[in-house]
Amino acid sequence: MDDIQKAEKLKKVFETEKLLNGIRDSDVLLERILTEARAIANADAGSIYVIEDKQRTPNSISITDKSVPPAFHDKILRIKYAQNDTQLKKAAFSHKSPYVYFTIPIAKTSISGYVACTGEIVNIPDAYNIPEESPFKFNNSTDISTGYVTTSVLTIPLITNTSQILGVLQIINAKDENGNVVSFSDDSIDFIRQFAASATQTLEHTYLINNMIRRMQRMAEFRDPKETGTHVERVSDFSIEIYDQWAENKSIPKSERLKFRDTLKIAAKCHDLGKVGISDTILKAPRLFTVSERSIMQGHTCIGAKLFTPPESDLDEMSRDVALHHHEWWDGNDRGYPGAIDFEKYQIGEPMTVSRPLKGEEIPLAARIVAIADVFDALCHRRVYKEAWSIDDAFVEIQNLSGKQFDPELVLAFVQVRNRIISINTAYEKMEM
């Protein structure tokens, strides 16, 4: 790479760093970090891992590898996103890689585990010819199951300014101008190292934002035992999948798409925060609501909207819209609520009078998306007043309500990403085990 090419590449890295600084959701940022890192090094595939607490049952025994730093004894690496251009080209009717979920112990015997433990960058020219004396080995199980061939592997820790390791970035199979798999060059490593350092600082900031939102969710969860934190997370993840496919169908410009999905990822988590203002006698009733109780319960939409008023950002505006309007009906049916109401005048604890129902595109796009995700998740999981529906039955119900309760174009997008929706739901079930 000559000096001019290096300068152009460095300029691209700086421009990418600026784009990342505008992202507020950590999940969206992690996915984008992986995408941009692959682009910088022209890598065919890659994964990004985060460090999380190890889930243990009361009777489980913790076996500690003495070579692992004490800070990681109760931690695991969880793959957050995986991308593979070669595999993606083989997939039919999809513009995204399959949703994956698995965890690995933090140990020096795996490549990613070694990088997490040591904080070192590992550059492997050939994954199938790692020296015998190396402390780590390449796990080829994914290659065997998919038919993919991993060759060059670059693995980099995501380290904050305070030396805290947040995760591991791994990119696979660098390619030259002719599409041949090559080793990662020294120049590519330098660019990725700089990019990863800057991206990690942005990631640390998004964690602060997400932790604040998570605390608000937990507050609502404490009040309403029928809802769980995983419900909120699933609704958020489902919403992103629906939007991505809808945006693809509508050919929405990439810049607009990226900004909207980042905001939606957080706003969707706020859809039921207004329940903090509903009395315990209603929230904790182990039965169906009476007519009066249901009317008061519907007021959670107005209470939620008040939490984001006056709005100070586009995130506040979308969170307000989602909280207020995710129970509206597309066809204007008066079963939807709260309609064209002045939510600021709503009195907490009072029955809510539905104003003129909103209809069609009067309902904000984000609220229309969350409406589908919320109802689908509620159908698929047990509540005090009903058993869980099967996944198939829940999909059928959403389709039956297309053009009635839900925007038909969004229902189409929802059905198109069926496999990813199911995979996400399964992943959360594994997390809860």
Side-chain angles (χ1 to χ4, degrees), residues 91-96 98-99 231-252 256-257 260-261 263-265 267-272 294 298 301 318 321-340 354-383 385-426 428:
F93 312 114
S94 176
H95 68 284
K96 298 179 75 172
Y99 189 93
H231 162 72
V232 171
E233 297 295 334
R234 286 192 301 264
V235 168
S236 178
D237 285 353
F238 295 159
S239 295
I240 287 294
E241 297 301 329
I242 296 168
Y243 173 73
D244 281 347
Q245 185 62 55
W246 176 87
E248 180 80 4
N249 294 345
K250 303 284 284 186
S251 299
I252 302 298
E256 180 181 339
R257 194 182 306 190
F260 189 95
R261 75 192 301 272
T263 310
L264 176 63
K265 189 70 164 61
K269 297 176 184 179
C270 302
H271 69 280
D272 274 343
R294 183 177 296 107
Q298 289 176 345
T301 56
M318 186 182 290
D321 289 346
V322 166
L324 185 62
H325 294 302
H326 69 284
H327 287 292
E328 307 283 2
W329 278 52
W330 171 260
D331 64 0
N333 189 302
D334 59 10
R335 293 175 65 183
Y337 61 90
V354 177
S355 182
R356 178 186 65 82
L358 295 189
K359 182 178 181 180
E361 293 186 1
E362 287 183 307
I363 308 166
L365 173 61
R368 304 197 312 264
I369 294 170
V370 172
I372 296 174
D374 186 34
V375 170
F376 175 78
D377 192 71
L379 291 174
C380 292
H381 295 85
R382 186 180 181 279
R383 294 292 187 269
Y385 52 85
K386 73 167 191 67
E387 293 300 318
W389 290 29
S390 71
I391 293 289
D392 288 342
D393 286 345
F395 268 97
V396 169
E397 180 68 3
I398 297 296
Q399 289 175 271
N400 286 341
L401 291 170
S402 177
K404 301 173 185 176
Q405 187 171 356
F406 306 124
D407 180 340
E409 290 185 349
L410 291 173
V411 172
L412 172 62
F414 172 73
V415 173
Q416 287 175 307
V417 294
R418 175 190 174 98
N419 289 341
R420 287 184 64 84
I421 295 292
I422 293 174
S423 296
I424 291 169
N425 190 65
T426 301
Y428 277 98

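Using cut-offs of 30° and 60° for the angle between ring planes, the Y337 and H327 rings count as parallel.
Heavy atoms from other residues, nucleotides or ligands lying under 6.0 Å from CZ of R335 number 12 at most.
The two residues R234 and Y428 have their closest heavy-atom pair at CG-CD1, 3.4 Å. Residues D331 and G403 approach most closely at CB-O, 3.7 Å, considering heavy atoms. Between A323 and C270, the closest heavy-atom pair is CB-O, 4.0 Å. When all heavy atoms of Y243 and E256 are compared, the pair lying nearest together is OH-O, 4.0 Å. Between K265 and S236, the shortest heavy-atom distance links the atoms O-OG, 2.6 Å. Of all heavy-atom pairs between M318 and A366, the closest is CG-CB, 3.6 Å.
Shown are I242, D237, D244; of these, the side chain to side chain contact (heavy atoms under 4.5 Å, CB included) with I240 is made only by D244. For the side chain to side chain contact (heavy atoms under 4.5 Å, CB included) with W246, the lone residue among I252, I369, V411 that qualifies is I252.
No side-chain heavy atom of E241 sits under 4.5 Å from any side-chain heavy atom of Q245. Looking at V322 and P364, their side chains never come closer than 4.5 Å, going by heavy atoms from C-beta outward. Looking at F376 and H381, their side chains never come closer than 4.5 Å, going by heavy atoms from C-beta outward. Inter-residue side-chain proximity for N333 and P357 is flagged as unmet; no heavy-atom pair is nearer than 4.5 Å. Side-chain contact between H271 and V235 is present, with heavy atoms from C-beta onward closer than 4.5 Å.
Checked against salt bridge (charged side-chain N to carboxylate O under 4.0 Å, His left out), R356 has the following partners two or more places apart in sequence or in another chain: E362.
If you look at F238 and F414, their ring centroids are not closer than 6.0 Å.
Between Q416 atom CD and E248 atom CD the span is 9.5 Å, to the nearest 0.5 Å. Q399 contributes atom CD, which lies 9.5 Å from atom CG of L412 (distance to the nearest 0.5 angstrom). Taken from CG in L365 to CZ in F260, the straight-line distance is 4.0 Å, to the nearest 0.5 Å. Going from atom CD1 of I372 over to atom CG of L410 covers 5.0 Å, rounded to the nearest 0.5 Å. The CD atom of E397 sits 8.0 Å away from the CZ atom of F406 when rounded to the nearest 0.5 Å. To the nearest 0.5 Å, the span separating CG on L358 from NE2 on H325 amounts to 5.0 Å.
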Under the side chain to side chain contact (heavy atoms under 4.5 Å, CB included) criterion, do E361 and W330 qualify, and how do the steps go? CA-CA 8 Å; E361 293 186 1; W330 171 260; 4.1 Å; yes

Set out, in order, the CA-CA distance, both residues' side-chain angles and the distance that settles side chain to side chain contact (heavy atoms under 4.5 Å, CB included) for I398 and V375, then state yes or no. CA-CA 8 Å; I398 297 296; V375 170; 4.0 Å; yes

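For the pair R368 (side chain) and I363 (backbone), a donor-acceptor distance under 3.5 Å is present.
Taking a cutoff of 4.0 Å between a charged side-chain nitrogen and a carboxylate oxygen, D392 and R418 qualify as a salt bridge.
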